[in-house]
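Each chain gets a letter, A, B and so on, in the order its sequence line appears, and its residues count up from 1. Fair warning: this is a prediction, and the values are worked out from it, not measured in the lab. Note that these values count all heavy atoms, side chains included, but never hydrogens, waters or copies made by symmetry.
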Protein chains: 2
Amino acid sequence: MVLSLGMMRAMSDAPRTARAVARAELTRAILDSATQQLAEVGPAALSVRAVARDLGMASSAVYRYFASRDDLLTALLVEAYDDLGAAVEEADAAVTDRDDVAARWRATAGAVHDWARAHPHRYALTYGSPVPGYAAPQDTVEPATRAPRVLLQLLADALAAGRGVRDLGGRVDPAEVAATGPISAVTEPPLPPEATVRALAVWATLFGHVSLELFGHMNNAVLDYDTHFATVVDLAAYDLGLA
Amino acid sequence: MVLSLGMMRAMSDAPRTARAVARAELTRAILDSATQQLAEVGPAALSVRAVARDLGMASSAVYRYFASRDDLLTALLVEAYDDLGAAVEEADAAVTDRDDVAARWRATAGAVHDWARAHPHRYALTYGSPVPGYAAPQDTVEPATRAPRVLLQLLADALAAGRGVRDLGGRVDPAEVAATGPISAVTEPPLPPEATVRALAVWATLFGHVSLELFGHMNNAVLDYDTHFATVVDLAAYDLGLA
DNA sequence: CACAAACTGTGAGCACTGCTCTCGTTTCGT
DNA sequence: ACGAAACGAGAGCAGTGCTCACAGTTTGTG
């Protein structure tokens with residue numbers, strides 16, 4: 001039986017039989033080899049046969065673990081989301097003064113930037129162009145929400161402390177409140193719609209910047225990415241009402 | 001001789017011999033077939049052999065026109081940039097009241113959004129993840145600047161009319177002025193550094209939003225993309241000092 | 001006009017890919 | 001202990017990008 005991603009996780013908790021533990025180890029080895037290949041040759045050139053060669057097994061055996069090359073890529077995708085999410089959560093948690101929401105935002109944004117530059121191919125896998133007609137499996141949505149959740153929560157904390165955007169000069173109409181409804185509810189307490197909208201726009205700015213930088217669209221416009229990124233993050237902090 | 005992209009353009013101006021015009025026509029036919037394939041199966045699955053089959057020729061013959069599959073994709077890339085650039089320029093030019101810079105910005109942003117949704121695969125080709133280790137050929141940079149140039153120019157026009165962001169509360173330091181220097185000089189007159197920085201941030205917001213929307217990262221957050229996009233664009237207009 | 005050089009299309013072929021299927025072996029649950 | 005499930009190996013299919021030698025055509029020039 002070819003395991004789903006959800007089963008992979010449940011399995012890693014309690015590998016009972018010898019076969020199950022062997023399976024878990026080999027699954028891990030395949031993912032590690034694939035991750036390495038991903039970093040070396042990129043997603044397009046990732047080859048099941050090369051992974052099999054690397055592990056000294058027949059290519060057909062790999063299909064006992066991942067039903068297709070796309071399934072393997074999806075597993076890497078989930079791991080990448082989780083890795084990024086963990087990096088962002090750690091960066092935010094590392095800010096000792098929890099009331100310094102501006103610092104928490106800078107740490108969050110910096111973590112995204114740093115992670116993306118450290119793992120460009122994994123970033124491309126997650127936030128680049130998906131395989132056309134590709135619908136992200138349900139397994140990917142929860143890990144994908146970890147990073148943005150940090151931003152939303154720190155904004156909620158800011159609002160609780162009397163800072164942060166509360167209104168946008170009447171620029172958010174009822175239809176927009178409905179349109180962004182689902183995302184407002186992920187924090188405790190829920191964000192006001194205006195704050196949610198600003199947060200989404202800032203999120204788009206952050207990933208837009210990282211994508212434009214990593215994908216080479218700023219080569220002739222910006223000479224020093226670090227300086228420019230810091231400025232953009234500061235602007236976003238201002239827009240979010242944190243600074 | 002396999003033609004470069006630059007030669008392709010020069011050639012299409014003055015096809016003298018019968019052979020040259022046949023070559024131009026077949027080059028065009030290959031590009032058209034490839035564009036159609038691109039829309040149907042996406043960039044990853046675009047196949048030289050399939051294009052050849054579509055045109056009823058041997059696959060090896062295609063290589064007389066494009067040295068490799070990547071070269072063919074690069075040609076499609078350049079055409080996509082040009083197409084998007086033209087759409088944006090037309091949308092801006094269609095605003096009869098040239099002093100209504102907010103309307104021009106909405107038209108510009110809307111053109112990007114509309115074009116991307118009409119040609120998702122071509123958008124992915126231009127603003128999605130590039131082939132890893134891929135350095136955009138010099139042929140692509142000029143067409144790629146057409147769209148952002150519209151934003152920069154309309155902001156310059158706004159400033160000339162007494163509107164638009166002039167300073168950002170001292171948030172732009174000298175290093176940043178140097179970092180974004182090259183881009184400030186593309187308008188006439190040149191933009192103040194603060195305006196350039198804001199424009200770049202807004203540009204990142206725009207493409208960040210379109211990418212997140214098209215690549216499926218907002219599926220569980222936003223219910224109505226049109227409404228949300230309009231709000232984000234309005235926010236950007238406010239940030240740019242246009243509204 | 002003649003002719004060599006350049007160009008163009010063909011088909012065979014190489015190395016590679018994702019994936020399937022069958023086969024024998026090993027391990028598991030009962 | 002035994003049947004079922006899982007496993008790994010190898011052959012094989014259909015497809016890919018790309019190269020090459022070959023044949024035919026067009027071109028600009030002597």
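- Across the protein-nucleic acid pair, A:R69 atom CZ and C:dT20 atom P stand 14 Å apart, rounded to whole Å.
- A:S47 comes within 4.0 angstrom of the backbone, heavy atoms only, and of no base.
- Screening A:W115, A:Y127, A:F215 against A:F207 for a ring-ring contact (aromatic ring centres under 6.0 Å, His included) leaves a single residue, A:Y127.
- By the 4.5 Å heavy-atom criterion applied to side chains, A:R146 and A:Y81 are not counted as neighbours.
- Remark: C1' of C:dT27 and CG of A:L26 are 15 Å apart, rounded to the nearest angstrom.
- Comparing A:R49 and A:A61 along DNA chain D, the residue whose closest nucleotide (by nearest heavy atom) sits nearer the 5' end is A:A61.
- Contact annotation for A:L72: no contact, since no heavy-atom pair falls under 4.0 Å across all strands.
- No side-chain N or O of B:E213 forms a donor-acceptor pair with one of B:H228 less than 3.5 Å apart.
- Between D:dT16, C:dG11, D:dG8, one nucleotide has an atom nearer to the side chain of B:A58 than all others, and that is C:dG11.
- Residue side chain A:R64 reaches the base of D:dG8 through a donor-acceptor N/O pair under 3.5 Å, judged by distance alone.
- Contact of A:S60 with D:dG10 (side chain to base): a donor-acceptor pair of N or O atoms is detected under 3.5 Å.
- Taking side-chain N and O atoms only, B:Y63 has no distance below 4.0 Å to OP1 or OP2 of C:dG9.
- Side-chain N/O atoms of B:R53 include one lying less than 4.0 angstrom from OP1 or OP2 on D:dT16.
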